[in-house]
Number of protein chains: 2
Amino acid sequence: MKKITIGEAARRSGVKVPTVRYYESIGLLAAPSRSEGNQRSFEPADINRLAFIRHARELGFEIEAIRTLLTLQDDPHQSCASADAIAKARLVEVEQRIRSLTALKAELETMVEGCGHGRVDQCRVIEVLADHGQCTHPHH
Amino acid sequence: MKKITIGEAARRSGVKVPTVRYYESIGLLAAPSRSEGNQRSFEPADINRLAFIRHARELGFEIEAIRTLLTLQDDPHQSCASADAIAKARLVEVEQRIRSLTALKAELETMVEGCGHGRVDQCRVIEVLADHGQCTHPHH
DNA sequence: CCTACATCCTCTAGCGACTAGAGGTGCAAG
DNA sequence: CTTGCACCTCTAGTCGCTAGAGGATGTAGG
């Protein structure tokens with residue numbers, strides 16, 4: 001058995017060292033065995049689990065959603081309906097967020113374009129912020 | 001002078017009561033005068049300021065950016081270059097975020113579509129999460 | 001074997017922008 | 001006068017880490 005230190009686990013999974021310890025502390029990752037000198041010694045499976053978590057985090061899944069996804073992964077004979085539901089919910093969130101950010105972008109563009117680069121009292125950025133009624137797009 | 005209570009200030013500005021107190025505590029809003037019984041009494045100008053803050057927050061500006069925007073608003077003879085720069089920076093952020101979310105959306109769609117609604121060991125959602133190499137889009 | 005240095009350990013506190021709750025006071029209507 | 005809501009302050013919690021203190025371990029070179 002080659003021992004994988006936390007540093008190497010971090011490098012291989014792309015999760016930072018303190019974050020690995022954090023995941024262990026919240027029970028997302030099982031506590032690994034320890035060396036004589038009390039240092040963590042990870043298994044290859046832990047690296048996979050960390051990579052899974054990292055990827056899910058990059059996709060914006062919350063820790064609790066990931067916890068559910070991981071329990072599903074741990075028991076591959078279950079129905080994947082929950083995984084499907086979680087992913088679908090996340091998709092809806094992302095679509096909503098894109099819509100709202102797109103409206104926002106239009107708003108910001110109007111602000112920036114309208115700015116005459118003069119003094120504040122003619123500045124459209126400040127003006128639009130002060131008066132919501134000037135919003136051209138129903139972003140909120 | 002009609003006194004505006006914190007509750008009415010909240011209703012009129014769309015900022016929640018505890019959040020109004022929070023803004024005061026971090027110096028975003030000047031501490032208002034108090035009634036005999038130590039209750040806050042706001043001016044109409046405070047409502048405008050709160051509405052400004054709320055709108056800026058909805059547009060995703062950070063508190064420190066809003067602090068700068070507010071000092072600009074307080075002195076309308078200044079150049080609006082800073083306001084312009086802040087808005088432009090925010091626009092760049094928003095555009096970046098939209099791009100990344102759009103890639104994410106494609107990823108999630110692939111996951112959800114591929115899901116045969118069977119057991120976990122055939123589930124594409126879990127599979128893709130476990131193996132970053134299966135990502136079709138360079139979202140991260 | 002000793003030293004230097006990177007890496008590891010635990011623990012606590014901090015980030016942003018609030019939000020929730022405890023425990024108490026003020027105020028207007030019935 | 002009492003009911004009941006709105007107000008007050010203060011502390012602690014949220015999420016997902018991140019930073020730092022202060023110390024122990026592991027490894028490579030001399």
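All heavy atoms count here, side chains included; hydrogens, waters and symmetry mates do not. In the text below, chain A, chain B and the rest are named by the order of the sequence lines, each starting its count at 1.
- Other residues, nucleotides and ligands place no more than 12 heavy atoms under 6.0 Å from the CD atom of Glu62(B).
- Note on Ser35(B): a side-chain N or O is less than 4.0 Å away from OP1 or OP2 of dC27(C).
- Between Glu36(A) and Ser41(B), the residue anchored nearer the 5' end of DNA chain D, judged by the nucleotide with its closest heavy atom, is Ser41(B).
- For Arg54(B) and dA17(C), the CZ to P distance is 17 Å, given to the nearest whole Å.
- Taking atom CZ of Phe42(B) as the reference point, atom P of dA6(D) lies 16 Å away to the nearest angstrom.
- Without hydrogens or angle criteria, Arg90(A) side chain to Leu59(A) main chain gives a donor-acceptor distance under 3.5 Å.
- The main-chain N or O of Val128(A) is found under 3.5 Å from a side-chain atom of His55(B) such that the two form a donor-acceptor pair.
- Side-chain atoms of Asp46(A) come within 3.5 Å of backbone N or O of Glu43(A) as a donor-acceptor pair.
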For nucleotides 10-19 of chain D, give me every protein contact, N/O to N/O, under 3.5 Å, one pair per line with atom names.
unit_1, atom_1, unit_2, atom_2, d
dG16(D), OP1, Ile63(A), N, 3.4
dC17(D), OP2, Tyr23(A), OH, 2.8
dC17(D), OP2, Arg57(A), NE, 2.9
dT18(D), OP1, Lys16(A), NZ, 3.4
dT18(D), OP2, Thr19(A), OG1, 3.1

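- Residue Arg40(B) places no side-chain N or O under 4.0 Å from the OP1 or OP2 atom of dC7(D).
- The separation between Gln39(B) atom CD and dC7(D) atom C1' is 4 Å, rounded to whole Å.
- At whole-Å resolution of the value, CD in Glu24(B) and C1' in dA17(C) are 17 Å apart.
- Across the protein-nucleic acid pair, Ile26(B) atom CD1 and dC15(C) atom P stand 13 Å apart, rounded to whole Å.
- Ile53(A) pairs with exactly one of Leu28(A), Asn48(A), Val15(A) by the side chain to side chain contact (heavy atoms under 4.5 Å, CB included) rule, that one being Leu28(A).
- Rounded to a whole Å, the CD1 atom of Ile6(A) is 14 Å from the C1' atom of dT25(D).
- Side-chain atoms of Ser13(B) come within 3.5 Å of backbone atoms of Ala9(B) as a donor-acceptor pair (strictly under, hydrogens ignored).
- When the C1' atom of dC5(D) is taken as reference, atom CD of Glu8(B) falls 15 Å away, rounded to whole Å.
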